[in-house]
Amino acid sequence: MANYIVVKGTSGIGNRVFAVATGILYAQISGRQLVVDWRDGSYSTTGTNLFFRYFDCPVAQPVEVLPVTDSIYPTHWQNQLHRSLGSLLNESGLNCDKDLSCDVSRLDYPETIIVFSAYTHKISRMRSLFTGEYSRFANLTNREIIKLVLQSNLTLKEDIRLKVEQFKKDYFSDYMIGVHIRYSDMKVPLSEIEASLQKIIRTVKFKHPNFKIFVATDSQEVLSLFKEKFINNLVSTNKWFSPSGKRLHQNPGECQDLIQNGIEALVDLYLLADCDCLLFSSKSSFGLLANLLMTNNQARCYDIDGEKSLLERVKLKLKNIWKS
């Protein structure tokens, strides 16, 4: 009988994809079959497994392939595999990592089904497994490993990919600066984003006078602000925004079409990844994922969290205080 690893989806697109990347690699190393379960209510209230609506992944199987068994780890998932991670956490007070997820540093689980639940990747936990044919991963960074795994195993559904290509055809120029601004539940510093963007513009405008700026954000207010400042160069997709300023996913109370909401996020994600330059915050899993999915090997990337020294941050903050 086959053994399985079930990757439960939770939170936003970036979080989910990082968890899937971990599951793909673990399944390959362990010899288990990968099952991806995105039936939670973040992007659909109908119980649809949205992973297979959004992506093609030849190594992933739907939950229907799972056998009926009590041989499940962690045991909290016994008779509960139909449940979402969030519902179990809210009901039981359990801990995601300790109580509701397998440890991907281990290969010795005797259970038929093991469940992986995480809000991000766990590549660091897997490093002890990078031996034999997988020793090629040992000297790679976590980011490099995730990029390789995703490039080899995950592609957008055709209809979503065509939306990305059509937008590029209609609005992209010969040089694109991508900017991701998370501002609903994780407010990145707008002053730092704008200062970094102005610096990037100064370095590219003479060589690429027809440059454009693609902005992907979860805030209508932020988008309007940047449109005013960069009116002649800025482009963005048409999408739903929360009237109350809440995050775009996990918002069934306001959003009338959660599945479309996910598609809009994916279009933004892959447009960012197709830019020639990317400004983002790695504190946001969405921005980090866009960085890892970038198709241009010569692309310039500016992570306001990873590349700025403490001294630079203090200087910028003092400068902004002085200006105000």
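Keep in mind that the numbers below use all heavy atoms, side chains included, and drop hydrogens, waters and symmetry copies.
For the atom pair Leu279 CG and Asn291 CG, the distance stands at 11.0 Å (nearest 0.5 Å). Taken from NE2 in His121 to CG in Leu288, the straight-line distance is 7.0 Å, to the nearest 0.5 Å. Rounded to the nearest 0.5 Å, atoms OG (Ser184) and CD (Gln220) are 13.0 Å apart. For the atom pair CD1 of Ile72 and NE2 of His76, the computed distance is 13.0 Å after rounding to the nearest 0.5 Å. Distance check: Leu129 CG to Ile123 CD1 gives 10.0 Å after rounding to the nearest 0.5 Å. Distance check, rounded to the nearest 0.5 Å: CD1 of Ile263 to CD1 of Ile259 gives 7.5 Å.
When the shell of 6.0 Å around CG of Asn79 is examined, it contains 12 or fewer heavy atoms from other residues, nucleotides or ligands. Residue-environment remark: CD (Gln298) stays at or below the threshold of 12 foreign heavy atoms within 6.0 Å. Within 6.0 Å of NZ in Lys212 there are more than 12 heavy atoms belonging to other residues, nucleotides or ligands. In the displayed structure, Gln151 atom CD is contacted under 6.0 Å by more than 12 heavy atoms of other residues, nucleotides or ligands. Atom CG of Asn238 has 12 or fewer heavy atoms from other residues, nucleotides or ligands within 6.0 Å. Remark: Asn139 CG is loosely packed, at most 12 non-hydrogen atoms of other residues, nucleotides or ligands lying under 6.0 Å away.
Leu88 places none of its side-chain heavy atoms less than 4.5 Å from the side chain of Asp99. No side-chain heavy atom of Asn3 sits under 4.5 Å from any side-chain heavy atom of Ser30. A heavy-atom distance below 4.5 Å is not found between the side chains of Leu197 and Tyr302. With a 4.5 Å cut-off on side-chain heavy atoms, Cys277 and Tyr175 count as touching. Here the side chains of Ile160 and Arg53 are in contact, with some heavy-atom distance below 4.5 Å. Tyr43 is not listed as a side-chain neighbour of Thr48, based on a closest heavy-atom distance of 4.5 Å or more. Within the 4.5 Å cutoff, the side chain of Ile213 has heavy atoms near those of the Val179 side chain. For the pair Phe167/Lys163, no side-chain contact is recorded, criterion being any heavy-atom separation below 4.5 Å from C-beta on.
Listed here is the closest heavy atom pair of Ala21 and Ile146: CB-CG2, 4.2 Å. Of all non-hydrogen atoms in Val149 and Asn153, the two that sit nearest each other are O-ND2, 2.8 Å. Among all heavy-atom pairs drawn from Ala299 and Cys275, the shortest one is CB-O, 4.1 Å. The minimum heavy-atom distance between Pro110 and Ser71, with the atom names listed, is O-OG, 4.3 Å. Of all the heavy atoms in Trp38 and Gly9, the pair that sits closest is CD1-CA, 3.5 Å. Closest non-hydrogen pair, Glu144 versus Thr141, comes out as OE1-N, 2.9 Å.
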Handout entry: Derivation and outcome, side-chain contact (heavy atoms from CB on, under 4.5 Å), residues Tyr26 and Val7
Key = CA-CA 11 Å; Tyr26 184 88; Val7 178; over 6 Å; no
Practice task
Kindly determine whether Lys122 and Phe116 satisfy side-chain contact (heavy atoms from CB on, under 4.5 Å), including the steps that lead there.
Solution key: CA-CA 10 Å; Lys122 297 292 182 180; Phe116 176 65; 3.6 Å; yes
Exercise for the section: Decide side-chain contact (heavy atoms from CB on, under 4.5 Å) for Leu100 and Val115; before the verdict, give the C-alpha distance in whole Å, the side-chain angles of both, and the deciding distance to 0.1 Å. Expected result: CA-CA 7 Å; Leu100 294 172; Val115 179; over 6 Å; no
Handout entry: Chi angles and distances behind the salt bridge (charged side-chain N to carboxylate O under 4.0 Å, His left out) call for Asp159, Lys157
Key = CA-CA 6 Å; Asp159 65 312; Lys157 281 292 187 182; over 6 Å; no
Practice task
Could you check Trp77 against Val6 for side-chain contact (heavy atoms from CB on, under 4.5 Å), going step by step and ending with a plain yes or no?
Solution key: CA-CA 11 Å; Trp77 287 105; Val6 178; over 6 Å; no
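Ring planes of Phe137 and Tyr134: parallel class, angle under 30° (limits at 30 and 60°). Between Tyr270 and Phe55, the two ring planes are tilted [angle within 30° to 60°].
Side-chain atoms of Arg39 never come within 3.5 Å of backbone atoms of Lys8 as a donor-acceptor pair (strictly under, hydrogens ignored). A distance-only check finds no donor-acceptor pair linking the side chain of Ser44 to the backbone of Gly41 [under 3.5 Å]. Counting only distance, with no hydrogens or angles, the side chain of Asp274 and the backbone of Thr295 share no donor-acceptor pair below 3.5 Å. Thr237 places no side-chain N or O within donor-acceptor distance of the main-chain N or O of Lys239, the cut-off being under 3.5 Å. In this structure a side-chain-to-backbone donor-acceptor pair under 3.5 Å is missing from Asp218 to Arg182.
Remark: Glu165 engages Lys168 in a salt bridge, criterion side-chain N to carboxylate O under 4.0 Å. Salt-bridge annotation for Asp303 and Arg143: present, with a side-chain N of the basic residue lying under 4.0 Å from a carboxylate O of the acidic one. Residues Arg83 and Asp37 are not paired through a salt bridge, judged by the lack of any N-O separation under 4.0 Å between the basic side chain and the carboxylate.
Hydrophobic clustering (side-chain heavy atoms under 4.5 Å, transitive across Ile, Leu, Val, Met, Phe, Trp, Tyr) groups Val63 together with Val65. No chain of hydrophobic side-chain contacts below 4.5 Å, direct or via other Ile, Leu, Val, Met, Phe, Trp or Tyr residues, connects Leu81 to Ile114. No chain of hydrophobic side-chain contacts below 4.5 Å, direct or via other Ile, Leu, Val, Met, Phe, Trp or Tyr residues, connects Leu150 to Tyr119. Connection of Val188 to Val222 is established within a shared hydrophobic cluster, with ILVMFWY side chains joined at heavy-atom distances below 4.5 Å, either directly or through further cluster members. Follow the hydrophobic side-chain contacts under 4.5 Å out from Leu85 and you reach Val35 in the same cluster.
Using modelled atom types and a 3.5 Å distance limit, the side chains of Asn142 and Ser124 yield a donor-acceptor pair. Looking at Ser42 and Arg16, their side chains do bring a donor and an acceptor atom within 3.5 Å of each other. Ser281 and Ser284 share no donor-acceptor pair across their side chains, judged by distance under 3.5 Å alone. Checked by atom type, the side-chain pair Ser173/Asn210 shows no donor-acceptor distance below 3.5 Å. Side chain to side chain, Ser219 and Thr217 fail the donor-acceptor criterion of an N or O pair below 3.5 Å.
Screening Phe286, Phe214, Phe226 for a ring-ring contact (aromatic ring centres under 6.0 Å, His included) with His180, the sole residue that qualifies is Phe286.
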